Amino acid sequence: MSMAEAQSNVPGISDEVAISITGMNKWYGDFHVLRDIDLTVQRGERIVICGPSGSGKSTLIRCINALEEHQKGEIVVDGTLLSSDLKNIDKIRSEVGMCFQHFNLFPHLTILENCTLAPIWVRKMPKKEAEEIAMHYLEKVKIPDQANKYPGQLSGGQQQRVAIARSLCMRPRIMLFDEPTSALDPEMIKEVLDTMVSLAEDGMTMLCVTHEMGFARQVANRVIFMDAGQIVEQNEPEEFFNNPKSDRTQLFLSQILGH
Amino acid sequence: MSMAEAQSNVPGISDEVAISITGMNKWYGDFHVLRDIDLTVQRGERIVICGPSGSGKSTLIRCINALEEHQKGEIVVDGTLLSSDLKNIDKIRSEVGMCFQHFNLFPHLTILENCTLAPIWVRKMPKKEAEEIAMHYLEKVKIPDQANKYPGQLSGGQQQRVAIARSLCMRPRIMLFDEPTSALDPEMIKEVLDTMVSLAEDGMTMLCVTHEMGFARQVANRVIFMDAGQIVEQNEPEEFFNNPKSDRTQLFLSQILGH
Amino acid sequence: MSDTHANTVAFVRETQIPQSPPPATERGIVKWLRENMFSSVLNSILSLLSIFFIFMLIKDLGPWFWNSTWNAENLAECRELNSGACFAVINERWPQFFFGFYPAEERWRPVLAFLLLFPALAPVLFDKAPRALLVVTLLFPFVAYWLIWGGSIAFPLAVLLGFVLAFVIWKALAKTQPTIALIVSVLVLVLYQLVVGGAGLVENILMGILGNPEDGPALLAFEEVESRNIGGFLLTLILGITSISLALPIGILLALGRQSDLIIIKYICVGFIEFIRGVPLITLLFVANVLLAYFLPPGTTFDLILRVVIMVTAFAAAYLAEVVRGGLAALPRGQYEAADSLGLDYWQAMQLIILPQALKISIPGIVNVFIGLFKDTVLVSIISMYDPLGIVQPILADSDWNGILWELYGFVALFFFIFCYAMSQYSRYLEQKLRTDHR
Amino acid sequence: MTAVTDHSQGDEGFRLSQLLYDTRYRSVTIQIIALLALIAGLGWLLNNAVSNLAAAGQDFNFGFLGSVAGYDINQRLIEYDSQMTHGRATLVGLLNTLLVAVLGCITCTVIGVIMGVLRLSPNWIVRQLSAVYVEAFRNVPVLLWIVLIMGVMIKVPPQPRAFRGDNPDATMSLWDSVAITNRGIYIPRPTYEAGSALVVGVFLASIVAIFAFRWFAKKRQEETGQILPVFWVGLGLFFVPAILTQLVMGSPIGLEYPELAGFNFSGGIHLRNSLIALWIALSLYTGAFVAENVRAGILSVSKGQTEAAASLGIRPNRIMNLVVLPQALRVIIPPMISNYLNLTKNSSLALAIGYMDLTGTLGNITRNQTGREMESVLLLMAIYLSLSLSISAVGNWYNNSVKLKER
Amino acid sequence: QTLAEVQDRGSLRCGVTTGLVGFAAPDANGEWEGFDVAVCRAVAAAVLGDGSAVEFIPTTGSTRFTALASGEIDMLARNTTWTFSRDVDLEFEFTGINYYDGQGFMVREDLGVTSATELDGATVCIQTGTTTELNLADYFRANGMSYEPVPIETNAEAQQQYLANACDVYTTDASGLAATRAAFEDAAAHIVLPEIISKEPLGPLVRHGDHAWGDVVRWSLNALIAAEELGITSANLEEMAAGTDNPEINRLLGTEGSLGEMLGLSADWAKNAIAVGGNYGEVFDANIGPDTAIGLSRGLNAQWTDGGLLYSPPFR
Ligand SMILES: Nc1ncnc2c1ncn2[C@@H]1O[C@H](COP(=O)(O)OP(=O)(O)OP(=O)(O)O)[C@@H](O)[C@H]1O
Ligand SMILES: Nc1ncnc2c1ncn2[C@@H]1O[C@H](COP(=O)(O)OP(=O)(O)OP(=O)(O)O)[C@@H](O)[C@H]1O
Ligand SMILES: [Mg+2]
Ligand SMILES: [Mg+2]
């Protein structure tokens, strides 16, 4: 556990464990997607996951949120064991926020309604209060003036920022991002990354699947490289990019950073 | 004539004019999309067109191929004046190949059939011969082994390469590309760009709408910047990227290259 | 060539070229005709053929319309007066076309109910209508029933009470246990209406207060009108509107069931849907007319209209389920996942996220089912109900109008055309609106 | 809903609340409740039926199908008279249903495809006319069309006796071969005399030849690239050889023309009003829906496909044949199948005009004459259900076989 | 128990034809009138004392038995032939005969046909689901003739087809033919052929097994017949009801004995029944008699005393 110890010295990262995954395995039918995943995430840690397409990055993230069920091993999120008990699932989901590649905003609701929906119906918050919170986070992602528009009226970058705000409104303690910028035009990627950086600065625990290596260098405490359903390498960003240990990582990095 | 002269010294670029556009204007209803376009392309020249969304890049490219008709001005392709004469249009289309952003492969035909369709029905080629040519170009784009699959079974990058091969099978003298990589995942962009580079090395005349600036630097003879339906700036790539003259170009480049 | 940029190494445009108007292409009728009717030889031939066809139609049908008669006692008189159509029959029999054999002096009641339909429908059809009108929508079924069938208001009130009761229970439980709340409230409703006889009990109490119209004058009571006497377009509308409004929720539930992971529920729904869709509506009407009595406890007879409504509803619901299923399937998976990841439970996700979108997508299909259902109501004429088509029979049998046909059928066809066309245009409007919505 | 099925937690022991809160048991609970409710409901209905039947002193058996029917059926595709059984009458009705369904499916497709293509025509007036056709038929009940067309059939054409006399009011059309009367249409019936086998043989051979030529043309194209005019040659092959043989052999295949005899025409084939009215009404009505599907199908092929083909230099009519239609078909076929299904089911409205289809025989006369309501209606539904299921099974099979290959 | 139901409900549900002028058809106001309708009204009057307390439920040849069996109607008065199988197999109870009929043929006069035996090859309009359909098949078969049946659902459609000459012959009960012919503009151009090919005793029927109700319907009909025989008319009804010296009249009208009580009805049940439209003869004359457009003569339907078949069992 030398690495975990090393990290706990970094300011903003506490000793508390936010997510702990032990011996987790997952199959789709006969296809073994995730194999023996062990991962411990400290509160306040910011982890970037990368790897080639199909390596199981999304699946890993989605298992943490119980969007997919795993078949073996344990996932403990914030002290709650992820089991088939609906109550536990609900508890975990309301502590874990998630942002998808394609934003998945609700197109029939305004931005504000998108953000207040879950607080009102899940947290049973009064509408007024929910709206105040929503406006607070919309300001944080710098689009308070779009609150009454519909998602279809915003650009992709704005939509992704709304998606982030929507998750934040549930005041999650952990945020998961699944390639949040890969569906965006080059001009819009920056807006979203900036938002994520500012989240990171606030000390939010983050797990982020992304290929934006600039972002990884800038904010990650740890970079995890996955291939064929396994964690192949994990390290601090500097080390990871400059001295990749495994051949597979080297190959991957050369492709990504290549052009 | 300094530029043309300069270019004619570059190996592979002849003095022959491949495309010449003079005073071309186009309207969609009342909307003036292209304004006074003047452009001369030498045989063997490789031109990259860039510019903000909606500036009329696609429209320009499509006018050259007679997919859209222009209302004023002249387009001469390979010595043939583009008029409403069907014969001229046919002639031009069989000399000009085009690749679309969304590939537009025919989903009900195999890769091989996609490639042989036009040679068989337009060039009235025997099937055997058409297939040989198709396989030749499929090898060139490095997917001969997929020949009997259907487009839906290939990845986006592979599909785009098939689209390129399909155009090449008609042995065009000019290739037009309309954002060939913008619908692709990062890892696949490289495959397609590589294919295009190798085309360029063979001396194909190319007009390419793209925002891949790496590609522009590497292969383009000239970069054209369009805005609001007009050509704002054109120059050799080095000059263009390092010393953009117009403010509009500077702004655009700063955004594109920003992150 | 182009000196503009050929002279400069790097071409830089300094000034903007202004927008200019499109070239004045020739306009006018001649151009329009050439482009739209005579663009090629084939098109010219087609145009001429079409014009000839229209000409023949007008030549044949025109005089029939121009020389029509609107006032006559019987067909013979019509024929004497004029050579064309004899619309006098419509003139004489229109009350039957509209109301069947509804008592003449009570006809204002269905008319009033029909007028009330508009405020009741407004909040459903147009999202700009004031929300307060929803109350009218909810009360409309009861008021309309009372107006059309008459009798004391006690009965509809008693039934309404059952719904209110069920709603209150649902509301109370829904916060904590949505699934159970739904089941319990439906159970309460069923128990109230059928088993315990709550409705009858309450009805009697209310009658006690208001007075029983059968014993003498009573408050808030109309003369009762038998289902048998209701006919014509009134019957069509009753069947159509009731079945449509019942079929929609049932269809949605069936669609959700069919999409469900729960195997047994899924197959129950699939079986029901496929069975209903596999047989002609007319056989279902046979069942309503003939077999239903066998499948109910001895002695329960209920109104033929009600029986037909049940069958038509089941029929439409099965078709609706398929349409809604299409809408559900068209939603990107991400919407379900986003809802899940926010912690919404199944019913919340359905109600707040999935259904509003799925229904929007399926509106054209839903309206098509409605149109089909509305048209299908004429099938009840086969089981000898006096719907607009059925009412033609006694007119044909009348010696005054023996031999008349086109006028009657034409009138009925016109009515259906107006209603169905209006519906399909409305769905087009919605489609259009939803496509541009939020963009 | 997704959740974890990790059975290592089973050792906590089972709590009742898990029935509701544990995803593993919750679904089972709900399903069992639903199943119980279903069984209870069905049981209740069945119980009622049994006791009602008992109370009415009736039993439930299909023996009546074996007893003598006693009624006549005017249109029969197989041998039938009033002394045969109800079962036989049912079969006659079923065949009549199939007849009108098959005829209707063919014509509605032809009408629908033509109208659907015309709706996309650049010709304004044609577009408007086909729109009027589609709207008129889609928005008026099919039953009304059936009775209306039946009315036309009865009232407009001349009566058979109008053909009688030296100076008749009406004459037969198409060189005295077809009689259109208000009792139906009489068309010639082919008669086969000596030598006719040869004509038929030549005709069959020329059909084989058409396929052979197509095969040859394809091969030729593959080898040399030359494109042969398959359509015109095929058309010629279809007609010319058989007609030549017929002429050379001295017309061995004759036609029996309908003639006035007694009250009616006799000889030839009699297409009854009810059949024609039902056929026309169903075809026109369903054709309107088919037209919409065809239109939607053609529109569904994205513009990019046409553009890609155009940019390869392919001509517009070839683009239609090679690129657009093959793709549009995949969109058109599924709704087409449900149109065929609807047409088949709507053919049961034959009842209204006395066409003796399945509903007319089993569902109406047999049901009434025997009083076996329950049995006949259930049997009727079962037959229609199996008809529908087989149509959709065939449709789905076809649909799957042309489905686009996806990743 | 039907009797109790009817009394509870306060109205009688009576199944009639969808429209056959003279027998049962709604007029322009939706008022039903006709010979069968009169039977319904008489029963309603007997049971409820009010001849207008009837709901008329139109049925076609193919829906009528279902309606009765399912309890949708209390009785069926729709020129229905009394046959063995309907009585025994279908489990209905015929409560008497209100019209002795037989199946006949109607043709256009200018067809030149004078006998049914000349109908070989004719096109015949026939209502489906009726006994006439079966009789027709038997008749042509027995005489070795062929015909082309044109099946139709209702009398009105038959009329349309026949008038348009889509069929040469219309066949149904002779009474129905007369009624149909009467509705024609040019009734004289059509003739009813002399052959009557079947016995068609028409009468009201009820469900089997409910004998109390069957009795009520049976004796209401008999009351009308007996009234004619006994000379009771709507004109002299009140006078007779005051008491006469004929004990049978007295028993019938309830001034003597307790027949009404035995039926579970009031004592003046028969008086009410007769009061609606008069006795059988009056009903006949008013709806289908020689003075009406339908113009049927009494024929077999005369009282037995006049050489007809009408013969009411004694009220005793
Ligand atoms: N629902 C599913 N059923 C079966 N296989 C699946 C399913 N979802 C994903 N897979 C497979 O699981 C593997 C891992 O998928 P995953 O989406 O986690 O990869 P990823 O690393 O996120 O890739 P990408 O970078 O393309 O998003 C892939 O091979 C994929 O094909
Ligand atoms: N068929 C059309 N009808 C009307 N306007 C059109 C049509 N096609 C394009 N336009 C408009 O013409 C302008 C130029 O479009 P064009 O597609 O050429 O832009 P572009 O530079 O290729 O943009 P992008 O980078 O988004 O592809 C845009 O404003 C667009 O909205
Ligand atoms: Mg992924
Ligand atoms: Mg573009």
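A note on names: the letters A, B, ... follow the listed sequences, proteins ahead of strands, and every chain is numbered from 1. Because the structure is a prediction, the values reported are computed rather than measured.
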Heavy-atom cut-off 4.5 Å, strictly under: side chain, backbone, both or neither for D:R220 against chain B? neither
Residue from B:K149, B:R93, B:H102 scoring the most non-hydrogen pairs under 4.5 Å with chain D is B:R93
Contacting region of B:F100 [heavy-atom separation from chain D under 4.5 Å]: side chain
Is B:M125 close to chain D through its backbone or its side chain, or both, or neither, when contacts mean heavy atoms under 4.5 Å? backbone
Inter-chain contacts: residues 385-395 of chain D against chain B, heavy atoms under 4.5 Å: none
Testing the basics here: between B:D90 and D:G313, what is the closest heavy-atom pair and its distance to 0.1 Å? OD1-O, 4.5 Å
Under a 4.5 Å heavy-atom cutoff, which of B:E129, B:K128, B:K124 has the most pairs with chain D? B:K124
Donor-acceptor pair, B:H108 side chain versus D:V324 backbone, under 3.5 Å? no
If every non-hydrogen atom of D:A310 is compared with every non-hydrogen atom of B:L67, which pair is closest and at what distance? CB-CD2, 4.1 Å
Proximal component of B:I89, with respect to chain D [non-hydrogen, under 4.5 Å]: neither
Should D:L312 and B:L117 be marked as a side chain to side chain contact (heavy atoms under 4.5 Å, CB included) after you check the CA-CA gap, both sets of side-chain angles, and the distance that decides it? CA-CA 9 Å; D:L312 286 171; B:L117 187 80; 5.5 Å; no
Are more than 12 heavy atoms from other residues, nucleotides or ligands located less than 6.0 Å from atom CZ of D:F211? no
To the nearest 0.5 angstrom, please state how far the CE atom of B:M170 sits from the OG atom of D:S311. 9.5 Å
For residues 284-329 of chain D, which residue pairs qualify under ring pair (Phe, Tyr, Trp, His ring centres under 6.0 Å), counting only residues two or more places apart or in two chains? D:Y285-D:F289
So CD1 of D:I319 and CH2 of B:W121: to nearest 0.5 Å the spacing works out to 13.5 Å
Calculate, to the nearest 0.5 Å, the distance between atoms CD and CG belonging to B:E113 and D:L322 respectively. 11.0 Å
Honestly, the part of B:I120 sitting under 4.5 Å from a heavy atom of chain D is both
Counting heavy-atom pairs closer than 4.5 Å to chain D, which one of B:T116, B:V96, B:I92, B:V122 comes out on top? B:V122
Which bit of B:R123 comes within less than 4.5 Å of chain D, counting heavy atoms only: side chain, backbone, both or neither? neither
